[in-house]
Protein chains: 2
Amino acid sequence: MKELTISLNTKSRVPLYEQIYRYLKTEIQRRQIPAGECLPSSRSLAAYLQVSRSTVDMAYLQLVSEGYIESVPCRGYFVCELEGMLQIPQARPAVPEEKTESDKEYAWDFAVNGIDEKGFPYNQWKKITREVQKEGPSLFELGNPQGEAGLRSVLASYLHHARGVSCSPEQIVVGAGNDYLLMLLRVILGDGRRIAMENPTYKSAYLCFCHLGYQVQGIAMDEYGMQMDELERSGADTAYVMPSHQFPMGNVMPLKRRMQLLSWAAGEENRYILEDDYDSEFRYRGKPIPALQGYDRKERVIYLGTFSKSVAPSIRISYMVLPQSLMKSYEERGRDFSVTVSKADQKIIEMFIREGHYERHLNRMRALYKSKHDLLLSLLKQMTDICQVSGENAGLHVVLRFVNGLTEKEAIIRAENAGVRVYGISEYDTSGLEGEKSDRVILGYASMSEKQMEEGMRRLQEIWRQ
Amino acid sequence: MKELTISLNTKSRVPLYEQIYRYLKTEIQRRQIPAGECLPSSRSLAAYLQVSRSTVDMAYLQLVSEGYIESVPCRGYFVCELEGMLQIPQARPAVPEEKTESDKEYAWDFAVNGIDEKGFPYNQWKKITREVQKEGPSLFELGNPQGEAGLRSVLASYLHHARGVSCSPEQIVVGAGNDYLLMLLRVILGDGRRIAMENPTYKSAYLCFCHLGYQVQGIAMDEYGMQMDELERSGADTAYVMPSHQFPMGNVMPLKRRMQLLSWAAGEENRYILEDDYDSEFRYRGKPIPALQGYDRKERVIYLGTFSKSVAPSIRISYMVLPQSLMKSYEERGRDFSVTVSKADQKIIEMFIREGHYERHLNRMRALYKSKHDLLLSLLKQMTDICQVSGENAGLHVVLRFVNGLTEKEAIIRAENAGVRVYGISEYDTSGLEGEKSDRVILGYASMSEKQMEEGMRRLQEIWRQ
């Protein structure tokens, strides 16, 4: 091949070298110039097209770097053999994502994962955000995989005072949500764990454990929490518990059961307790109960905390406290995973805690939620012929057990027809309990206004009384 | 037991019920009141202490909920049997975390993971942040596990235009960093994968794969990238590659090798290619080469992208494009893991892209980095007796190969003595290459000023010439 007749448009906004490049690329893709063919030298093509030699050089260089042609020293440029198709198809048109049944909107939704968004100190938060952003460049460097030392330090102090958790900042690992921390824990704890969970339990953690390849076993509960004899028999080596306020049942684990759990964990090498303290900030009667972690003398408790309930589910900041016994494993395997929370977000929450805003926010929210909690309980007092309440006095939800023969399924359907959404306990059951067999539902009250709650309960009372 | 002599201080700020609670708790912990003992009725204790009955009731209730005492119907309150120790120890004093050797500061650091922070449009970013924060409450709800639809939609369009990636927003999963996405991929792809990686390679991904329990095999490279025959022989079912600009070697994979890789992947069921397109935004000669994903007809390529290089390492936003063939597995197993990037951060980056700031930022940065790149190459031209350059024309680093007999180890030591930090290729080698045997180092130039670069190179020239 000596000549390539390329019609160049000198008035085009497309540079000449790119016109040459595009022409040759298309010709090669269409096999108009076959593999193995030698292209004209850049000098001769430049002369032929009446362009500068560097223009042709640039086009050739691009074709070489994309692999369409190759340069053979002292011989010239040759068209490469190409396998497969080359043409880039159009991007697929975006299919609008469908709303699923569970996204349906209810006028009265006793959602269990909501918070009261109006209680959030937006202005304070914005002010801190602006302050943090003033820091400029240093905020943009990749941070410590465990989380920033400043945040871990205020967390250690907060956890000690508010939750009786005994730890140094070096034991804290910050991560973007509990699910992520469970992934990281799998790396730290290794394969083949057998997890015992209370039944019913927090379904999201249950699913995460399953997807991470762990064997998961539901353990029946009595009023104090996980039944110890069943735990012993299960052969599990890791117990996932929520002692402050079990989800969904709302039980508070008494000290005695906590001590039994710790004894169980100490009973064999390599046993651990995962303490999920997800909503312990909210307790309306008496003082908060110290975390299980605070009583652990044998380095067996992994403590999990989150800002999902106390600040907002969307901010994606959780943390765990590793026992000293797992620090080596974290150093060896976990530390290679980069941190999942941005430095700016870590700094914001650190200042929010350090300057006392968090404590004030919690106090305000506790009062707000207590008022909703008390209202709900007073409304439920008119329904003692319909249901019994449990799991109250803490957290952001209560459990109702029907005493009038209503099943969970029937209760949910009737509620739905009246525009009210309540949640079945069977959703959280891991042993295959069906809604027809269950007699319990959960009502979350965090995201409802008192007015909504009153009307919602009025409707429930009407349709549930049979 | 009929009487408990508790000295109450009515002037204290500690409520009376809490004084009673504290006293009893301490007595029980110290075994001054033994297990099984019956406490006085609340009525009689109230009368004895001259406080209201509800004060004693509250104290008892708290002790019950913490498990120190239990209520036996019709009989009264009994002290529980407690296993183990109870006292909460003081939080351990924080040990200041030591700076490791690698944190040592150098006046001239050719860091390979840096960016030019001064190029960042802070004011624009702050303005968008303020805009986003105005949205208020809706920002605080937990979002889609895949990432917000709005962000995925602008990403799909950006990836199509800028990188030739062919996907719909439904195939995109947003996550807090590549390491997190590799964790999630492990859930999607399942156990027992055998990963082939170019050798040398991006060590962080290598370590993550190892820690996730995968078998990882280094595959030697020729100038085009991973050697195909070695890949075939390796028995691997997943190939992790960086076709746009291999890290650390800087090779650009030509089209022919890309096609061979795609053929390899199509050759057996369940083979995948992980395309890490980490710094493809920066290319200084010719047009960007479309991503491997764009040529994939068999649904075998998983595309990984990040804002770590193009915005900042600390913002923790990455994304992957799953082939349709993996969507079912994502739906079944991956979707149960909550999103790891906050809604606010997703919204900020979405607006940054949508309003054209990202493109302008990339253009500015490309010009800035090209100028540094060109300066570095011109300085290196004076050192042809010392070393050869490769991996130039793209990305944010180049590779030097010593031609004067200098080893990597010796070069690094001499540089260190002159206050300059350069990085050895052996750090990224997965076959045990030692610094004494290696003749290559890497120089990153993103975070250095041109003035620093000039002085740094002057020093290197002086000490490396032997």
Side-chain angles (χ1 to χ4, degrees), chain A residues 61-62 65-68 80 82-85 88-89 91-92 94 97 117 126 133 137 139-143 149 153 160 164 166 168-169 176-177 179-180 183 187 191 207-208 211 213 252 254-256 259-260 262-263 286-287 289-290 294 297 312-316 333 336-338 340 342-343, chain B residues 61-62 65-68 80 82-85 88-89 91-92 94 97 117 126 133 137 139-143 149 153 160 164 166 168-169 176-177 179-180 183 187 191 207-208 211 213 252 254-256 259-260 262-263 286-287 289-290 294 297 312-316 333 336-338 340 342-343:
Chain A
L61 209 68
Q62 180 65 25
S65 77
E66 294 191 16
Y68 287 100
C80 294
L82 304 174
E83 299 180 28
M85 286 286 292
I88 299 176
R92 293 187 192 81
E97 291 174 33
E117 289 155 353
K126 280 185 207 167
Q133 285 193 335
L139 264 189
F140 285 80
E141 288 155 20
L142 184 58
S153 157
H160 180 62
S166 160
S168 70
D179 297 354
Y180 166 73
M183 279 182 169
V187 171
D191 272 339
L207 292 171
C208 288
H211 298 325
V252 177
L255 199 57
K256 188 172 169 181
M259 292 299 146
Q260 289 172 332
L262 289 172
S263 295
K287 273 171 28 120
I289 303 178
R297 292 292 155 283
S314 69
I315 72 157
R316 316 313 297 140
R333 299 197 290 266
D336 286 315
F337 292 85
S338 306
T340 46
S342 73
K343 228 175 188 173
Chain B
L61 209 70
Q62 178 67 24
S65 78
E66 294 191 17
Y68 287 100
C80 294
L82 304 174
E83 298 181 29
M85 287 287 292
I88 299 176
R92 292 187 191 82
E97 291 175 33
E117 289 155 352
K126 281 183 208 169
Q133 286 193 333
L139 263 188
F140 284 80
E141 289 155 21
L142 184 59
S153 157
H160 179 62
S166 160
S168 70
D179 297 354
Y180 166 74
M183 279 183 169
V187 171
D191 272 339
L207 291 172
C208 288
H211 298 325
V252 177
L255 200 57
K256 187 171 169 182
M259 292 299 146
Q260 289 172 333
L262 289 173
S263 296
K287 276 173 24 122
I289 303 177
R297 292 293 155 283
S314 69
I315 71 158
R316 315 314 297 142
R333 299 196 290 267
D336 286 315
F337 291 85
S338 306
T340 46
S342 73
K343 227 174 187 174

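For the set B:Ala176, B:Ser338, B:Pro254, B:Ser314, the count of heavy-atom pairs under 4.5 angstrom toward chain A peaks at B:Ser314. Most heavy-atom pairs under 4.5 Å with chain A: of the set B:Gln133, B:Lys126, B:Lys343, this distinction falls to B:Gln133.
The two atoms that bring A:Cys208 and B:Asp336 nearest to each other are SG-O, 3.9 Å, heavy atoms only. Minimum interatomic distance between A:Ile315 and B:Ser342 (heavy atoms only, all atoms of both residues): O-CB, 3.8 Å.
We find the CE-CZ distance between B:Met183 and A:Phe337 to be 4.5 Å, quoted to the nearest 0.5 Å.
Heavy atoms of B:Leu262 lying under 4.5 Å from chain A are absent altogether. Residue contact with chain B, scored on non-hydrogen atoms closer than 4.5 Å, involves the side chain of A:Leu207 exclusively.
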